[in-house]
Protein chains: 2
Amino acid sequence: MTRSTSSLTPLPGACAACAVRPFALFRVVPQARVGEIAKVRSGVRLVRAGEAIRDSVFTLYAGWAFTWTATPDGRRQVLDFHLPGDLVERTEDGAEVEALTDASFCILARDRLCDFMGRDPSVAMSYAEGLSRDRARLRERLTSLGRRDAVGRVAHLLLEVHGRIQRRGGADARGGPVPLKQAHIADALGLSVEHANRALAVLRKDNLATLAKGRLDILDREGLEEVAGWEGPTAVESLVPRSIAG
Amino acid sequence: MTRSTSSLTPLPGACAACAVRPFALFRVVPQARVGEIAKVRSGVRLVRAGEAIRDSVFTLYAGWAFTWTATPDGRRQVLDFHLPGDLVERTEDGAEVEALTDASFCILARDRLCDFMGRDPSVAMSYAEGLSRDRARLRERLTSLGRRDAVGRVAHLLLEVHGRIQRRGGADARGGPVPLKQAHIADALGLSVEHANRALAVLRKDNLATLAKGRLDILDREGLEEVAGWEGPTAVESLVPRSIAG
DNA sequence: CGCGGTATTGAAACGCATCAAAACCCGTGG
DNA sequence: CCACGGGTTTTGATGCGTTTCAATACCGCG
């Protein structure tokens with residue numbers, strides 16, 4: 001048994017009052033039309049940390065999740081982390097989605113979502129913008145794995161994660177809560193857990209950043225960006241004009 | 001001067017007779033409406049191998065291109081390769097697009113393309129499908145860099161490239177023309193040129209595949225998939241239903 | 001024929017994986 | 001309240017894969 005009492009993780013409520021909608025797929029539909037988006041939601045769900053998520057499309061409401069794939073030799077590669085507001089798709093290619101913390105989300109009906117996008121191009125463009133962001137993150141990560149050493153990779157990931165939670169109001173410039181274990185970091189960055197640990201130790205010793213007890217602290221932003229080879233937050237714009245996608 | 005006479009690379013002609021449209025963004029618009037898509041094209045261009053491409057959105061018509069980014073220490077990371085029919089966007093994040101061979105393409109007007117997608121959701125969804133494919137490729141590559149050794153990475157890339165040209169009718173099961181230099185492979189896979197060379201040498205010695213003189217030959221498909229940790233062609237479907245995106 | 005870019009080969013150095021073990025942390029039950 | 005136990009973090013020693021540096025061979029083209 002894990003916990004007998006109800007979880008502290010909140011379930012999503014009415015779309016009209018959704019706290020994460022400003023960061024989510026439906027951010028582009030005006031408040032006057034929230035009634036329509038409620039109809040593409042086919043349910044809500046709450047899962048525990050470590051549980052696999054099998055729903056094919058959902059928007060994360062609370063907690064973190066991640067997508068990963070197994071390699072032939074049995075190890076795991078984390079492909080992306082998901083934060084509240086993110087639209088997550090379970091793809092057909094064998095990648096799995098797993099809750100990183102206790103988490104809750106709105107399950108979307110694929111067909112109704114398609115209909116909606118067919119009728120409202122701004123939502124289709126919002127969807128595209130999300131894909132574009134995913135691509136930008138993957139490109140960054142690819143560059144990390146291709147051309148940065150272990151310390152640089154970890155530093156870069158910490159900066160990326162910090163930016164993502166900060167944009168959602170979940171952290172200030174000093175840091176904030178991040179539930180990543182060293183194993184997640186290792187699996188995302190193509191490192192062994194031991195080496196990810198050593199890289200974090202270097203960042204700690206040099207007073208650049210610490211990640212412990214579910215908290216990330218940025219001690220020296222400039223120094224951290226230096227070792228990360230950071231090139232500033234990547235502005236995604238894709239083809240989405242503000243006129244259409246808000 | 002490079003060449004005095006006209007290039008052998010063909011320039012794109014009328015949209016109505018476009019040979020790559022079945023693989024391109026506008027594959028979803030019926031022949032009866034090609035007139036409209038001609039209007040989002042703002043020009044055509046021909047570039048030589050090695051030239052940078054600065055147009056912000058284009059669909060490649062002939063030849064190969066690739067997107068890359070410079071790392072702080074001056075090396076390069078290839079983020080993706082582009083083949084005829086691909087929609088290519090020059091993003092704001094410092095990544096550059098370069099012609100890998102002599103190449104020609106249709107330049108698209110960003111604003112007119114946006115208008116089009118705003119009016120025709122099937123094109124917006126086609127755009128999203130392309131992004132989804134990009135993402136799938138990046139995920140594969142990330143897995144390569146994270147969890148495969150040099151030989152596996154090269155084998156995997158060769159299989160991916162083979163699939164892409166084959167789907168376009170540019171190769172048969174045995175192989176086909178691929179203009180990649182070892183330096184491109186190295187920069188895409190996070191390897192030194194020397195080691196990429198050694199990996200190719202292994203594949204050659206084991207009679208799995210050869211890449212030489214601009215040609216890829218698959219000698220032993222099964223063996224190659226074995227060392228690549230290949231998991232079959234990734235079916236991208238995203239949210240795009242056949243009913244909308246054709 | 002000779003040149004510049006590309007491919008190939010060798011030897012040494014380095015970063016990271018691996019294996020092994022210990023320290024730590026926290027929730028749980030006695 | 002403390003001892004227990006499982007998951008997580010930390011540290012150390014050894015080996016392997018890859019980079020780096022240095023040369024040499026190759027190839028298409030003028």
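Just so it is clear: chains get the letters A, B, ... in the order the sequence lines come, proteins before strands, and each one is counted from 1.
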Between the protein and nucleotides 13-18 of chain C, which nitrogen or oxygen pairs come in under 3.5 angstrom?
unit_1	atom_1	unit_2	atom_2	d
C:dC16	OP1	A:Ala150	N	2.9
C:dC16	OP2	A:His195	NE2	3.1
C:dC16	O5'	A:His195	NE2	3.4
C:dA17	OP1	A:Gly190	O	3.2
C:dA17	OP1	A:Ser192	N	3.1
C:dA17	OP2	A:Ser192	N	3.1
C:dA17	OP2	A:Ser192	OG	3.0
C:dT18	O4	A:Arg198	NH2	3.0

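In this structure, NZ of B:Lys205 is placed 10 Å from P of C:dT9, rounded to the nearest angstrom. If you take CG of B:Leu180 and C1' of C:dT6, they are 14 Å apart, rounded to a whole angstrom. Between the C1' atom of C:dT6 and the NE2 atom of B:His184 lies a distance of 12 Å, rounded to the nearest Å. In this structure, B:Arg215 atom CZ and D:dC27 atom P are separated by 18 Å, rounded to whole Å.
Residue pairs meeting the ring pair (Phe, Tyr, Trp, His ring centres under 6.0 Å) criterion with at least one partner in residues 204-229 of chain B, sequence neighbours excluded, are absent.
Not counting sequence neighbours, B:Tyr61 has no partner by the ring pair (Phe, Tyr, Trp, His ring centres under 6.0 Å) test. For B:Glu194, the salt bridge (charged side-chain N to carboxylate O under 4.0 Å, His left out) criterion is met by no residue, not counting sequence neighbours.
When distances run from any side-chain atom of A:Lys181 to the nucleotides C:dA7, D:dG28, D:dT9, the shortest one goes to D:dT9.
Ring-centre distance between B:His82 and B:Trp64: not below the 6.0 Å cut-off.
At least one donor-acceptor pair closer than 3.5 Å links the side chain of A:Asp149 to the backbone N or O of A:Gly152.
Close to D:dT10, at under 4.0 Å from its OP1 or OP2, lies a side-chain N or O of A:Asn197. Taking 4.0 angstrom as the limit, B:Gln182 places none of its side-chain polar atoms (N or O) nearer than this to OP1 or OP2 of C:dG5.
Counting heavy atoms from C-beta outward, B:Thr69 and B:Glu96 have side chains that stay 4.5 Å or more apart.
When each of B:Val57, B:Asp86, B:Val47 is paired with B:Phe105, the side chain to side chain contact (heavy atoms under 4.5 Å, CB included) condition holds for B:Val47 and for no other.
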Donor-acceptor list for residues 183-191 of chain B side chains, cut-off 3.5 Å, not counting sequence neighbours:
unit_1	atom_1	unit_2	atom_2	d
B:His184	ND1	B:Lys181	N	3.0
B:Asp187	OD1	A:Arg147	NH2	2.8

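With the end axes of the helix from C:dC1-D:dG30 to C:dG30-D:dC1 each set by five pairs, the angle from one to the other reads 30° at 10° resolution.
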